[in-house]
Amino acid sequence: MADLQATARAHTNIALIKYWGKKDKNLILPMNGSISLTLDKFYTDTTVEYSPSLKKDHFFLNGQNKNDQKLAKFMDIVRQKTGFNSYASINSINHVPTAAGLASSASAYAALSLAATTAANKHYTKTELSRLARRGSGSATRSIFGGFVEWIEGQDDESSYAKPLRVNTDWDIRMIAIVVDSKPKKVSSRSGMQTVVATSPFYKGWVSTANKDLNDIKEALSKNDFQSFGQIAENNSLKMHALNLSATPHFNYFEPESLIAMRVVENLREKKVNCYYTMDAGPNVKVICKNNDLNVILDELCHYFPSDHLLVAAPGPGVKLLDN
Ligand code: DP6
């Protein structure tokens, strides 16, 4: 008999080579492979408790009852895969500093995948969990693993999953999340990438160069070459944002402060401080640097942003079960 209840923790990840477009919307198969870093600072804890008496799933986020169609659909996939047919009560707590605006579906679906399968008494491998988490949100496929992670594009449900990248760098990497704005996104990643695939005249160029970027960044990682690593990540991020500007209707995630943050990083580079930036589907800028350079960069950023809007993260672990 299943234990009926389990709690799991998963951390968010930030893509260095971005996923921005699907070739299969139902299975969430990406147009290109991607690479990310899982972060220690931001995570989601999720408890799933199945109860034969429930007539539907109930979802609470930070204690508040939510009606979430994406999540209900995902739980149907879990039931189909595990063969365990009860509805569940799902309690998620996002451990993201208040107003950071960094809450992500990546940590949410990674934690839910482990908690929902374990509560159904199924013990999936991390590869199986990665395939399952992908069905909730593409970026969640990578949050199953810690550190640097590659999502292998694949051609079908079986072949599209993430794996950890074994790297031997001596960088002691850090990411500074600059919190620019905490309002809800104007355009969700799901609909933004869909508009881009359907309308950007540059999309073909994105796919072919994203695959090259992926191979080049892996080479930079294997050669311990931080400068190339950072430059490739920064260029890849800007290319993604350029797609958004070239879509119909066009959209973008930049706020004036995002552009200021980018300029500060570029100016620091001119002063020979090794730092680079990346941005996802929101206005917050993440600065990629080595721990050694952290204080110099923070000192400079403090002239432009309140210090409590500068959140420093290090590489974080993969998904794990917590004691109930
Ligand atoms: C810009 O994983 O949120 O963060 O699969 O539609 O749920 P869905 O999208 P999502 O998109 C993430 C986009 C990104 C880049 C990335 O994480 O690779």
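Order of listing sets the numbers, starting from 1, for every ligand and every atom in it.
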Atom indices of ligand 1, in the order listed, that fall short of 4.0 Å to a heavy atom of [X]:
X    : result
A15  : 16 (C), 17 (O), 18 (O)
M193 : 9 (O), 11 (O)
K22  : 5 (O), 6 (O), 8 (P)
S139 : 2 (O), 3 (O), 10 (P), 17 (O)
M240 : 1 (C)

Using the side-chain hydrogen bond (donor to acceptor under 3.5 Å, both in side chains) rule, take S160 and W151 through it: C-alpha gap first, then chi angles, then the decisive distance, then the call. CA-CA 7 Å; S160 188; W151 176 7; 3.0 Å; yes
Please check if the distance between the ring centroids of F59 and F74 is under 6.0 Å.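 No, too far apart.
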First locate atom [atom1] of [X], then atom [atom2] of [Y], and finally report the distance between them rounded to the nearest 0.5 Å.
X    : Y    : atom1 : atom2 : result
I17  : T278 : CD1   : OG1   : 8.5 Å
Q231 : F226 : CD    : CZ    : 10.5 Å
L221 : E150 : CG    : CD    : 10.5 Å
N235 : M240 : CG    : CE    : 14.0 Å
E234 : K286 : CD    : NZ    : 14.0 Å

Report yes if some N/O of [X] lies less than 3.5 Å from some N/O of ligand 1; otherwise report no.
X    : answer
W20  : no
Y19  : yes
S34  : no
R190 : yes
G138 : yes
K18  : no

Side chain, backbone, both or neither: the part of S105 lying under 4.0 Å from ligand 1 by heavy atom: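 For S105, only side-chain atoms sit under 4.0 Å from ligand 1.
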Evaluate whether atom NZ of K70 has more than 12 neighbouring non-hydrogen atoms of other residues, nucleotides or ligands under 6.0 angstrom away.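 Atom NZ in K70 is packed in, count exceeds 12.
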